Enquirer: 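Next up is a structure, given as structure tokens.
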Number of protein chains: 2
Amino acid sequence: MELRIDRQALVPVVQQIVDALTCWLHASEVSPGTRLPSVRQIARANLLSQSCVAQACERLVTQGLLVSRQAAGYAVADPSRVVSATHEPSWLEGAEPERQPVSAELRLGCGGLPESWRETDDLSYAIQHVSRSDTASLFNYSSALGSLALRQQILKRLKLLGVTAQDSCIMTTAGASQGLDLIVRTLFKAGDRVVVESPGYPLLFDLLRLHGVLMLEVPRAAPGPDMDVLEALMREHKPQGLFINSFYHNPTGSSLTSVMARHLLQLAKAYGVQVIEDDVYADLYSGSGSRLAALDDSVIYVGSFSKTLSSSLRVGFVVANCEVIAQLAEVKMISSMGASPFSESVLTCLLANGAYRKLVQRQRQRLNSDRLAALQLLEDAEWEVFGKPAGGLFIWARSRISDEEQVRTAARRFGIRLSSKTAFNPAGEASDWRRINVAYACDPRARAFFQATAPDRPQAF
Amino acid sequence: MELRIDRQALVPVVQQIVDALTCWLHASEVSPGTRLPSVRQIARANLLSQSCVAQACERLVTQGLLVSRQAAGYAVADPSRVVSATHEPSWLEGAEPERQPVSAELRLGCGGLPESWRETDDLSYAIQHVSRSDTASLFNYSSALGSLALRQQILKRLKLLGVTAQDSCIMTTAGASQGLDLIVRTLFKAGDRVVVESPGYPLLFDLLRLHGVLMLEVPRAAPGPDMDVLEALMREHKPQGLFINSFYHNPTGSSLTSVMARHLLQLAKAYGVQVIEDDVYADLYSGSGSRLAALDDSVIYVGSFSKTLSSSLRVGFVVANCEVIAQLAEVKMISSMGASPFSESVLTCLLANGAYRKLVQRQRQRLNSDRLAALQLLEDAEWEVFGKPAGGLFIWARSRISDEEQVRTAARRFGIRLSSKTAFNPAGEASDWRRINVAYACDPRARAFFQATAPDRPQAF
């Protein structure tokens, strides 16, 4: 059993063994009960330490792919216990399942970083530091705008993106989700019209539907929304708002060019449209590019730490003019009594001691190499790619195989869970474009899946 | 300087010294810059250790009441820097001010337990334990219903109150605030009518106003809402819902009798009214009494750990029938992506290891003795008391002094911040009844304030 471990890779060796064994289990269709070679044999054949191999096998036991037979080593678990998730509502996209599925599929289209990228040390340190040194934060309700120290740290980071604001123009939220929810429920009412990008962020569509706000679709091209369509929508439908994921766009990975940004702001001004800029993937790239909020301070800007540091801490923020922030803060307090001062203090600690900056540097470096590799994989498999993203998590692509069932069969074979075909369209229309998360695309299972979808070898099926 | 420290009291000695010194500073009207007796002198005169006195003085420096003069000891700070908070919106009631006021007033009417009651050890232990042992909870989004382990622990506690439910009929929320918000936004629409108690919970009134839901007021008497008025409201206005704080009612401290509970449920059934039972103070008393949700499983039940363990963790829950929970969970995920798995894991740990049970036992014991003492103080000062609460935090009372300005002058003199006169009325009408938090009522400043409001000694002003 050859595992092809890359000792230069940024992915820890144990995780690489887990990935390789998972891929082998899916690809070789071994029957349940089949015994694996011994830990010692696998280790020797791949020049690995036995403890790394044993750790990897134990993880696969936890995932339900292997069973432990004590002295007799490991065997393949019963695949009939594999739970596959289909037709889930989009609001379940980021959520953890109630109980972990018995076998972990590779969520190739998922919206966050993989488990293996998580770094516990700095976060644990900050949690322990805050629980000892800032005991008030363990107990209190939040202030209406959130921790001042945290807001000042965030403003320092935003300055690097050209976004500047006063302390009173930034408010923390429980993740970007609460930020978007507060904006929609405070600034819009049922029957209002807003422009959204298509494809775009599924949860935003759900949120707008929940509030009865009508969506006008503008097609998203690589350099930004289609300006002709946008102007026509503004002229004909007089929308009240425009939601845009300007950089590392979800799901296409594309980023707004400066020319488009200025054009969009001119249109918004001319037609009196409130622009809401969702920039939750900002920290996953350090390249240049003008945020809309940097060009025009009437833009409402939404950010988050859920995509980089932790989704569990529930820390996001909104930057807007002070009057809007005061309105949002009132609704925030009435509807939630504010976010968690403890989470905010933990994040302040990581921003102040530089650990967050270093974390996102590592994530960017790793994403940049994975993105290049993923683009190469897609090119080799002759997938059509929607622009070549410069940053962020996503590539938007489609296989040239016209038979969709063939793609799905290949996905099942290698244990791949593909992104929803309908969730990224505001009207729920199906598309053969898929969101590819570059952090998952180099997993051996994904490699095997892409290879199997190259049009010149349909005999693979 | 005699401080009257009670070594048998449950309040730590340092806190008693802080309270006594604060009271002395407010009552004796010493001029700024006046030097205090030395730490050694205060300690000797009161048979205290010097380190306790020094700790207390340092806390008062932090609060801005004293200044440290190094070798020259402590002196009275400049009172012109004292910030007084008036006319705040009710949603600021529990919120921390943006910056701590220079001098801490005694918030006699506040809604939570005092800082001096906080116990850090068990909570810090759980936080550190979870950050080491459940690293997944540091990163992940929540599941739609929240942690199963936590929900099962909560259900165990609820069984003691007679409330039973399946795992799928309980959902965690970010505090009871999110629970109430989800209920209002999911089950009601603008123009709907709901019954609320008067006096009642200010933030609920704000929340209903925010959603354009119309409030019908039912007067709250000590044994429960006025049933004649309630029936008339139901008959005439056909409300869709009824919100009730059945036990240890905010602000009156009263609890629904079993007879009233059954009568109320009969009315609700007859007129098809959805009952929402807010029981956030449940753990602050262990006496008997039937929860509405224990008598009728169509009642929606809202609970929280913010009043006992921590407001910062943001953990609450809703129990309802499974269809309602599924509806609420969908809106929860769309609008917030769920609560914090880390907070939920910390709370699970404290529930499982018994620390939470012991914490609330200590809180109840202390509250019971403070409640008796507070009722005695009020009786001595001849305040009118609205029923004698058996549990919880609050007493609802009013001074018999007819001149309101006299009461306010006494409050200012002793550094007391009284509860809002208008916030507890759904229509914002003023009342001379005040919410007294029993955990603050035995503070020397509060004692002095009550004594000064006894009608037979108006010469005190």
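A quick note: this is a predicted structure, and the numbers were derived from the prediction, not measured. Reminder, nothing fancy here: chain letters follow the sequence lines and each chain counts from 1.
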Enquirer: Is it the side chain or the backbone of A:L180 that comes within 4.5 Å of chain B heavy atoms, both, or neither?
Expert: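 Answer is neither: A:L180 stays 4.5 Å or more from chain B.
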Enquirer: A:Q178 and B:S335: side-chain donor and acceptor closer than 3.5 Å?
Expert: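 The answer is no; no qualifying pair exists.
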Enquirer: Is a side-chain donor or acceptor of B:R118 paired with a backbone partner of A:A136 at a separation under 3.5 angstrom?
Expert: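 Side chain of B:R118 to backbone of A:A136: no pair is present.
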Enquirer: If you take all heavy atoms of B:M337 and A:L203, which pair is closest and at what distance?
Expert: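 Heavy atoms only, the tightest pair is SD-CD2, 3.3 Å.
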Enquirer: Among B:R132, B:E115, B:H211, B:R185, which has the most heavy-atom pairs under 4.5 Å with chain A?
Expert: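 Of B:R132, B:E115, B:H211, B:R185, B:R185 has the most heavy-atom pairs under 4.5 Å with chain A.
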Enquirer: Between atom CG of B:L210 and atom OG1 of A:T186, what is the distance when rounded to the nearest 0.5 Å?
Expert: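 OG1 of A:T186 is found 7.0 Å from CG of B:L210.
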Enquirer: Heavy-atom cut-off 4.5 Å, strictly under: side chain, backbone, both or neither for B:L113 against chain A?
Expert: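 For B:L113, there is no contact with chain A at all, as no heavy atom is under 4.5 Å.
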Enquirer: Side chain, backbone, both or neither: which part of A:L138 has a non-hydrogen atom closer than 4.5 Å to chain B?
Expert: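 Its backbone and side chain both get close to chain B.
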Enquirer: Taking all atoms of both residues into account, what is the closest heavy-atom pair of A:F139 and B:L309, and its distance?
Expert: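 So the minimum-distance heavy-atom pair works out to CD2-O, 3.4 Å.
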Enquirer: Within the 4.5 Å heavy-atom criterion, are A:S312 and B:F342 side-chain neighbours or not?
Expert: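 A:S312 reaches B:F342 side chain to side chain.
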Enquirer: Please classify the contact of A:A190 with chain B as side chain, backbone, both or neither, using a heavy-atom distance under 4.5 Å.
Expert: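 Neither part; nothing is under 4.5 Å.
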Enquirer: Kindly give the heavy-atom pair with the smallest separation between A:S306 and B:Y141, and that separation in Å.
Expert: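 Smallest interatomic distance, heavy atoms only, reads CB-OH, 3.7 Å.
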Enquirer: Heavy-atom distance under 4.5 Å to chain B: side chain of A:T120, backbone, both or neither?
Expert: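 Interface part for A:T120: both.
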Enquirer: Treating A:S340 as the side-chain partner and B:R314 as the backbone partner, does any N or O pair qualify as donor plus acceptor under 3.5 Å?
Expert: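 Checking the backbone N and O of B:R314 against the side chain of A:S340, no donor-acceptor pair under 3.5 Å is found.
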Enquirer: Measuring heavy-atom distances to chain B, does A:L207 have an atom under 4.5 Å in its side chain, in its backbone, in both, or in neither?
Expert: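 Both parts, backbone and side chain.
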Enquirer: Side chain, backbone, both or neither: which part of B:A339 has a heavy atom under 4.5 Å from chain A?
Expert: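 Contact with chain A: backbone only.
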Enquirer: Between the side chain of B:S131 and the main-chain N/O of A:I127, is any donor-acceptor distance below 3.5 Å?
Expert: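 Answer holds: no.
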Enquirer: Any chance you could measure B:D121, atom CG, to A:T135, atom OG1, to the nearest 0.5 Å?
Expert: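 Interatomic distance, B:D121 CG to A:T135 OG1, rounded to 0.5 Å: 10.5 Å.
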